[in-house]
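In what follows, a single structure is set out as structure tokens and then discussed.
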Amino acid sequence: MAELTGGDGREPTGRPRAGWPTLLLLLAVCYAVAAAGGFAAADSAETYQALTKPSWAPPGWIFGPVWTVLYGTIAVAAWLVLRSRTTGHVVAMTWWSVQLALNLAWTPLFFAADAYGLAFVDICLLLVALAGTVTAFGRRRRAAAVLLLPYMAWVAFAAALNLSIWLLNT
């Protein structure tokens, strides 16, 4: 491995490889987004319970465990891209940052502002940004793109749920 990185932990391009501190930072960023969303909508469990929901809506308790796992995979995927030996990290990480910002915006829109229509627009934009992220990550590290697929599937499901709730509650 040392011969691939020049023996000093750097890529052949001279850029240092993303190590464990980078992974910890990415995990901290992702879980800070989760915490900020939770803080912005502290009464989300009560709000969700009070909404008219479609018959296929999951119970409220499922969201915490699912998002806990997904935020971890979002961080690990970014770390894998930063560790890859390819170029184009700036574009890939820009997509990643945009999708994370849209993710952060959704919870306060939906739960704190009760703006179900705006939340739906946000989650649709999130899906577009996620598609860009998966594509950009796939060009650098296939495993990173694959790690984001459950997240993308969950967001697509959440978009359908958001739309249903919006239509049922307006």
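Residue numbers run from 1 in the order of the sequence given.
Without hydrogens or angle criteria, Ser84 side chain to Val81 main chain gives a donor-acceptor distance under 3.5 Å. Between the side chain of Thr52 and the main chain of Leu168, no donor-acceptor pair closer than 3.5 Å is present. Side-chain atoms of Asn162 come within 3.5 Å of backbone atoms of Phe120 as a donor-acceptor pair (strictly under, hydrogens ignored). Under a 3.5 Å cut-off, the side chain of Arg140 and the backbone N or O of Gly88 do form a donor-acceptor pair.
Taken to the nearest 0.5 Å, the CD1 atom of Ile165 stands 6.5 Å off from the NZ atom of Lys53. Separating the CE atom in Met152 from the CG atom in Leu127 is a distance of 6.0 Å, to the nearest 0.5 Å. Note: Ser97 OG to Leu102 CG = 11.0 Å, rounded to the nearest 0.5 Å. Taking CD1 from Ile74 and CD from Gln99, the interatomic distance works out to 5.5 Å, rounded to the nearest 0.5 Å. In this structure, CZ in Arg141 is found 9.5 Å from CG in Leu147, a value given to the nearest 0.5 Å. Interatomic distance, CG of Leu27 versus CG of Leu23, reported as 4.5 Å (0.5 Å rounding).
When side chains are defined from C-beta on, Ile123 does not count as touching Asn103, because their heavy atoms never get closer than 4.5 Å. You'll find the side chain of Thr73 stays beyond 4.5 Å of the side chain of Pro150, heavy atoms only. Contact check for Leu82 versus His89: side-chain heavy atoms found under the 4.5 Å cut-off. In this structure, the side chains of Tyr151 and Tyr71 stay at 4.5 Å or more apart for every pair of heavy atoms.
Connection of Val121 to Phe111 is established within a shared hydrophobic cluster, with ILVMFWY side chains joined at heavy-atom distances below 4.5 Å, either directly or through further cluster members. Residues Val90 and Leu100 do not share a hydrophobic cluster, defined by chaining ILVMFWY side chains whose heavy atoms lie under 4.5 Å apart. Residue Val66 is grouped with residue Val155 when hydrophobic side chains (ILVMFWY) are merged at heavy-atom distances under 4.5 angstrom, including chains of intermediate members. Cluster membership check: Val146 does not share its hydrophobic cluster with Val134, using side-chain heavy-atom separations under 4.5 Å among Ile, Leu, Val, Met, Phe, Trp and Tyr. Leu149 and Val76 end up in the same hydrophobic cluster when Ile, Leu, Val, Met, Phe, Trp and Tyr side chains are linked at under 4.5 Å.
Contact record, Ala112 with Ala40: CB-O, 3.3 Å, taken as the closest heavy-atom pair. Of all non-hydrogen atoms in Ala36 and Leu104, the two that sit nearest each other are CB-CD1, 3.7 Å. Closest approach of Ala41 to Thr107, counting heavy atoms only: CB-CG2, 3.7 Å. Pairing each heavy atom of Ser164 with each of Trp56, the nearest pair is OG-CZ2, 3.3 Å. For Met93 against Leu26, the heavy-atom pair with the smallest separation is CE-CD2, 4.4 Å.
Residues satisfying the ring-ring contact (aromatic ring centres under 6.0 Å, His included) test with Trp61, not counting sequence neighbours, are none.
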Step-by-step side-chain hydrogen bond (donor to acceptor under 3.5 Å, both in side chains) determination, Tyr48 to Asp43: CA-CA 9 Å; Tyr48 184 75; Asp43 63 346; over 6 Å; no

Criterion side chain to side chain contact (heavy atoms under 4.5 Å, CB included) on Phe137 and Trp96, from CA distance to verdict: CA-CA 9 Å; Phe137 277 25; Trp96 184 84; 3.6 Å; yes

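By the 6.0 Å contact criterion, CD on Glu46 is enclosed, its count of non-hydrogen atoms from other residues, nucleotides or ligands being greater than 12.
Relative orientation of the Phe157 and Trp154 rings is tilted, given thresholds of 30° and 60° on the angle between their planes.
Ring centroids of Trp67 and Phe63 are separated by 6.0 Å or more, keeping the two rings apart.
For the ring pair (Phe, Tyr, Trp, His ring centres under 6.0 Å) with Tyr116, the qualifying choice from Phe110, Trp106, Trp166 is Phe110, the only one to do so.
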